[in-house]
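Please read the structure below before turning to the comments.
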Amino acid sequence: MSQEFYFPEGQVLDLGAPSIRFENNKKAILLAKELAASNRAATPEEQETLSKYVGWGDSRLSGRVRELKDILTEEELRLASASSLNAHYTSLDIIRAMWGAVERLGFSS
């Protein structure tokens with residue numbers, strides 16, 4: 001059974017510069033593939049790594065595609081490149097507010 005992941009109350013999610021976001025995305029992809037291959041749920045520490053995946057909105061993939069070719073299939077790489085045009089970041093404060101609203105409406109999982 002998987003554990004639910006919650007950001008600690010008051011945590012500020014610092015995504016860093018584009019190069020840091022790229023590395024975080026890469027780590028999350030490698031971990032997700034490892035978890036899928038071993039058919040297991042992520043530990044709390046691994047959940048934190050996965051939570052730092054933010055998409056490719058402004059990661060400027062063009063200069064670093066070679067790094068991704070080693071870990072993504074051709075189709076996955078195509079989808080990652082395509083998503084860079086429409087990926088948008090939502091701040092943690094907005095996510096918490098939206099989740100609070102849906103919980104007040106009765107949604108619980």
Side-chain angles (χ1 to χ4, degrees):
M1 182 171 164
S2 66
Q3 300 173 345
E4 293 184 16
F5 176 78
Y6 294 95
F7 289 101
E9 196 61 42
Q11 176 181 341
V12 175
L13 188 59
D14 180 11
L15 301 176
S19 62
I20 292 171
R21 290 192 299 269
F22 182 92
E23 290 302 321
N24 287 342
N25 284 351
K26 197 166 110 175
K27 288 176 188 174
I29 289 169
L30 289 167
L31 176 56
K33 287 180 171 269
E34 176 188 323
L35 293 170
S38 61
N39 195 30
R40 67 175 181 84
T43 65
E45 293 80 19
E46 290 169 330
Q47 289 176 354
E48 186 173 341
T49 297
L50 294 171
S51 75
K52 292 179 182 176
Y53 180 88
V54 295
W56 305 103
D58 67 348
S59 295
R60 293 165 186 82
L61 279 180
S62 58
R64 302 188 72 181
V65 169
R66 192 173 307 135
E67 292 177 60
L68 295 177
K69 284 184 176 182
D70 293 336
I71 61 174
L72 295 174
T73 66
E74 245 181 77
E75 177 67 6
E76 290 167 338
L77 186 58
R78 185 188 68 73
L79 291 170
S81 294
S83 75
S84 67
L85 297 175
N86 60 8
H88 305 284
Y89 169 71
T90 303
S91 74
L92 196 49
D93 290 340
I94 300 296
I95 293 168
R96 282 193 177 117
M98 292 175 71
W99 181 248
V102 296
E103 280 184 317
R104 286 189 296 280
L105 292 170
F107 187 77
S108 63
S109 64

Neighbour count above 12 (heavy atom, 6.0 Å) for E75 CD: yes
In one Ile/Leu/Val/Met/Phe/Trp/Tyr side-chain cluster, 4.5 Å: I71, Y53: yes
Steps toward salt bridge (Lys or Arg N to Asp or Glu O under 4.0 Å) verdict (R96, E103): CA-CA 10 Å; R96 282 193 177 117; E103 280 184 317; over 6 Å; no
Check: N25 side chain, G55 main-chain N or O, donor-acceptor pair, under 3.5 Å: yes
Contacts of type side-chain hydrogen bond (donor to acceptor under 3.5 Å, both in side chains), residue K33, not counting sequence neighbours: E76
Full working for side-chain contact (heavy atoms from CB on, under 4.5 Å) between M98 and I94: CA-CA 6 Å; M98 292 175 71; I94 300 296; 3.8 Å; yes
Verify same cluster id: I29, L50 (apolar side-chain graph, 4.5 Å): no
Taking every non-hydrogen atom, the tightest pair across T49 and A28: O-CB, 3.9 Å
side-chain contact (heavy atoms from CB on, under 4.5 Å) between F22 and L68, worked out: CA-CA 10 Å; F22 182 92; L68 295 177; 3.9 Å; yes
Donor-acceptor contact present, side-chain E46 to main-chain T43, <3.5 Å: yes
Gap separating the CD atom of E45 from the CD atom of E48, nearest 0.5 angstrom: 8.0 Å
Qualifying residues under side-chain hydrogen bond (donor to acceptor under 3.5 Å, both in side chains), relative to E67, sequence neighbours excluded: K26, R64
A41 versus L35, closest heavy-atom pair with distance: O-CD2, 3.9 Å
Salt-bridge contact K52-E23 (side-chain N to carboxylate O under 4.0 Å): no
R104 (side chain) donor-acceptor with G100 (main chain) under 3.5 angstrom: yes
